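Report on one structure; see the data block that follows.
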Amino acid sequence: MKLTILSDNNTLIDRYLLGEPGFSCLVEAEGKRFLLDTGYFGIFAQNAKTMGIDWRNVDGVILSHCHDDHTRGLDAFFTDGPKPKLVAHPALFRRVLSHGLAIGCPYPRAKLERHFNLCLTAEPMALTENLFYLGAIPRVYPYMEDPAIRQGEDGPDKNPDDTALAYRGREGVYVITGCSHSGIGNILEQAKRVTGQSRILGVIGGFHLRQMDERSAGIIEYLQEEDIPHLYPCHCTALSVKVAMGARMQIEEVGAGTSLIWE
Ligand SMILES: [Zn+2]
Ligand SMILES: [Zn+2]
């Protein structure tokens, strides 16, 4: 499986790609190509073009969750081009407010149906023989959930749609996550269940750890116990948390253009 970060908060020196507070990653596995998330400003498409990557002809677009730093860039597909499959949780179109601002998917269902073949499911699903959409994430470690209170239609929004991708490699599992609002440990446990393997070998994406506190410390403890050799925290992982992680385990830098091959 090959992954390429097309959008992240960070950029890498000498690469001349653009950054934004968002996330987008191209995942290529077993002859198929999927886009996980589309960032905020659509720079995933610009960065892909700079890197000579054909982002338009993907087999599917997968959304890790509804927040607009992952979904606003969907408008790059609002053309007469091919209609890719769009895989997301059925709660994609719910209203979510943060500090009074609407931060959910900015496009109505009818608009997306014009440009995508919608596949809305809360169930895990195989995208190829070894690449999986994880579906709704059971909260086996409740404390790991994102504690931020955003408002939904009927009370606090608990990020029911948050999910990730998992790849079943030869010797273990690799996970690509968007924001991990459901809790990175909960995502990794779901990845183990869905792939039928117990060893996590690599994780890349946002861990949604915004400051060092008791929750972040517990999650770092969990990650250390999991003994994951390839850890790439990015997007919504604070510097203070990366510093604390780096003192306990090997972590790697991520930026637009980061490309990895995990087998
Ligand atoms: Zn989010
Ligand atoms: Zn995000």
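Order of listing sets the numbers, starting from 1, for every ligand and every atom in it. Keep in mind that what you see is a predicted model, and the values were worked out from it rather than measured.
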> Does a side-chain N-to-carboxylate-O contact under 4.0 Å join E28 and K32?
Replying inline: no

>> As a test of reading the structure, name the N/O/S atom of D69 that is nearest the Zn ion (ligand 2).
In response: OD2

> Do M1 and I62 sit in the same hydrophobic cluster, where Ile, Leu, Val, Met, Phe, Trp and Tyr count as joined when their side-chain heavy atoms come under 4.5 Å apart?
Replying inline: yes

> Closer than 2.8 Å to the Zn ion (ligand 1), do we get an N, O or S atom from H181, backbone or side chain?
Replying inline: yes

> Does a donor on one side chain sit under 3.5 Å from an acceptor on the other, for H70 and D37?
Replying inline: yes

> Under 2.8 Å from the Zn ion (ligand 1), is there an N/O/S atom belonging to H67?
Replying inline: yes

>> Before moving on, can you tell me the angle at the Zn ion (ligand 2) between the SG atom of C179 and the NE2 atom of H70, to the nearest 10 degrees?
In response: 90°

>> When you measure from the Zn ion (ligand 2) to the N, O or S atoms of C236, does any of those distances fall below 2.8 Å?
In response: no

>> Between the Zn ion (ligand 1) and H65, which N, O or S atom of the residue is the nearest one?
In response: NE2

> Got a sec: does the CZ of R150 have more than 12 other heavy atoms crowding it under 6.0 Å?
Replying inline: yes

>> Between R94 and D157 (salt bridge meaning N to carboxylate O under 4.0 Å), is one present in this structure?
In response: yes

